[in-house]
There are 2 protein chains.
Amino acid sequence: MRVLRIFAILDRLRVHRHPISAQLLADALNVSIRTIYRDMATLQAMGAPVRGEGGVGYQIGKGYFLPPLHFDPDELDAIVLGMRLVAARGDGPLADAALRASAKINAVLSDEHRETYSDRPLLAYSVQAETADQSIAFLSPVRAALRERQRLYISYRDLKGRGSTRHIRPLGLTAFDRVWLLTAWCETRADFRNFRVDRMRSVERTGETFRREPGKEFNDYLRTL
Amino acid sequence: MRVLRIFAILDRLRVHRHPISAQLLADALNVSIRTIYRDMATLQAMGAPVRGEGGVGYQIGKGYFLPPLHFDPDELDAIVLGMRLVAARGDGPLADAALRASAKINAVLSDEHRETYSDRPLLAYSVQAETADQSIAFLSPVRAALRERQRLYISYRDLKGRGSTRHIRPLGLTAFDRVWLLTAWCETRADFRNFRVDRMRSVERTGETFRREPGKEFNDYLRTL
DNA sequence: AATACCCTGACAGATTGTGTCAGGGTCGAT
DNA sequence: ATCGACCCTGACACAATCTGTCAGGGTATT
């Protein structure tokens with residue numbers, strides 16, 4: 001089973017601080033050296049910072065495995081609350097990611113803290129979460145575009161209700177108390193503009209188009225803003 | 001790549017304290033349910049403490065030999081944003097703690113992640129931060145009391161502007177969009193009550209008394225709520 | 001040079017991973 | 001007791017991959 005071997009390699013790399021040669025791994029795991037090279041390639045494809053230097057061996061860099069972390073009570077409060085805030089206010093993928101990140105952090109806490117981590121009496125509540133509307137439906141593609149520095153083609157509805165389409169280069173996303181604001185260079189207007197994510201009607205990114213379900217463009221409390 | 005999926009399964013199992021069904025995993029990872037069962041089998045073959053109960057779902061036990069690995073881009077987004085949200089909306093000590101926690105997390109990232117971490121174009125902005133009022137002045141002692149399970153003696157001003165004092169046992173703190181809400185057992189009224197932190201006028205904890213500066217009890221936008 | 005590593009491509013055959021179909025089990029609710 | 005919602009297993013055929021072998025090329029140190 002390849003998965004087993006890859007986990008074993010990871011384990012060995014984690015334990016040994018010193019470089020370990022592919023040949024050694026090959027012998028230990030009863031495979032050919034070529035197979036080890038290929039495993040290393042897939043590890044690197046997975047994002048593992050394994051460096052192989054000619055004449056030396058393989059080593060794994062920091063940051064792949066999360067080392068044990070120590071946080072003081074205030075810092076723990078901040079993390080728990082932060083992740084819950086994001087989970088409450090972000091879109092689906094972002095909320096999920098917040099949960100995963102939270103679980104990972106919890107997993108590397110020292111034992112005394114781990115118990116109390118998930119029981120912290122800190123909660124985040126968002127009006128958005130309750131209304132479960134689609135005002136943040138576009139958060140995910142917008143974040144992706146931001147990360148990849150890609151342009152977006154959006155259909156927007158301004159304050160006066162007029163619709164328009166724009167080519168924009170996303171620059172930053174800001175979480176306001178109730179609204180997400182996308183700062184961007186608007187190529188159509190050749191100027192910097194801010195766009196409320198909840199006023200977007202469709203977003204096109206690298207060919208893929210995201211659309212809001214009809215009839216849910218605004219919800220009540222947003223209309224009052 | 002199967003290895004990727006197995007790590008993803010591990011990540012998702014870590015999140016949920018409650019069992020998660022194979023079907024859910026199958027949907028999330030875009031494979032058939034059968035594949036999930038097989039992945040579970042190899043996970044168990046690897047010695048991972050995953051249990052599956054009929055009619056319930058899968059759960060992972062504590063103390064798995066491999067620590068979790070790096071944060072994926074969405075998780076990093078969640079962390080950055082979460083810490084900035086807390087920094088923007090928390091009281092002084094909590095905001096500071098968020099910055100410290102952020103720095104610690106940043107320190108354990110691999111080099112490539114570290115570069116982008118602090119530059120993520122995700123921001124949090126809070127009206128509270130701008131008005132810089134004292135509506136959250138009591139957050140810190142309240143959180144401390146919550147942590148230590150101590151009673152508080154507070155001076156409170158209710159919706160109608162009437163003042164009163166209460167002995168309370170703090171139970172939970174909730175971050176609403178604009179307001180912090182403290183849930184507590186009110187010993188004076190012998191009932192569960194919610195208190196808005198910004199309506200507190202003084203807080204006494206283990207002999208120490210915290211007071212708001214006079215004349216800043218409310219600020220404009222809060223009065224409009 | 002020689003050595004000791006890392007690395008890559010190609011190829012054929014073995015291996016495995018996968019979805020589908022078809023079951024069997026437990027548990028709790030109706 | 002029947003149902004539904006799960007976990008779980010076996011079998012099968014096809015596709016995908018993994019693997020060893022052979023044949024190179026690279027970069028350091030000795």
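We name chains A, B, ... by the order of the sequence lines, and we start the count at 1 in each one. Side chains included, hydrogens not; waters and symmetry mates left out as well; all remaining heavy atoms used.
Per the geometry, CG belonging to D39(A) stands 15 Å off C1' belonging to dC6(C), to the nearest Å. Protein atom CD1 of I6(A) is 13 Å distant from nucleotide atom P of dT17(D), rounded to whole Å. Atoms CG (L29(B)) and P (dT18(C)) sit 11 Å apart, rounded to a whole Å. The OH atom of Y58(B) sits 12 Å away from the P atom of dC6(D) (whole-angstrom rounding). Taking atom CG of residue L43(A) and atom C1' of nucleotide dC6(C), one finds them 15 Å apart after rounding to whole Å. Spacing between atom CD1 of I36(A) and atom C1' of dT8(C) amounts to 16 Å, rounded to whole angstrom units. At whole-Å resolution of the value, CG in L25(A) and C1' in dC6(C) are 13 Å apart. Here dG17(C) presents its P atom at 19 Å from CD1 of I33(B), a figure rounded to the nearest Å.
With hydrogens and angles ignored, the 3.5 Å screen pairs no side-chain donor or acceptor of E148(A) with any backbone N or O of A145(A).
Set against dG19(C), dC5(C), dT19(D), the side chain of T35(B) has dG19(C) as its closest nucleotide. Of the listed nucleotides (dG17(C), dT20(C), dG20(D)), dG17(C) has the atom at the smallest distance from the side chain of R2(B). With dT19(D), dG19(C), dG17(C) as the choices, the nucleotide that has an atom nearest any side-chain atom of M1(A) turns out to be dG17(C).
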Show the numbers, then the answer: is there a salt bridge (Lys or Arg N to Asp or Glu O under 4.0 Å) between R100(A) and D11(B)?
CA-CA 6 Å; R100(A) 287 202 307 277; D11(B) 279 351; 5.0 Å; no
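In this model, a side-chain donor or acceptor of R34(B) finds a partner on the base of dG10(D) within 3.5 Å. The base of dG19(C) is paired with the side chain of R38(B) by a donor and an acceptor separated by under 3.5 Å.
A tilted orientation is assigned to the rings of Y58(A) and Y37(A), their planes being inclined by 30° to 60°. Ring geometry, Y64(A) versus H70(B): the interplanar angle exceeds 60°, so the pair is classed perpendicular (tilted spans 30 to 60°).
Using a 4.0 Å heavy-atom criterion, one finds that M40(A) contacts no nucleic acid atom at all. Among the atoms of the strands shown, only primed sugar atoms or phosphate atoms (P, OP1, OP2) are found under 4.0 Å from some heavy atom of R5(B).
Between dG17(C) and Y37(B), no contact under 4.0 Å exists linking OP1 or OP2 to a side-chain N or O.
With hydrogens and angles left out, the side-chain atoms of Y156(A) and T165(A) include no donor and acceptor closer than 3.5 Å.
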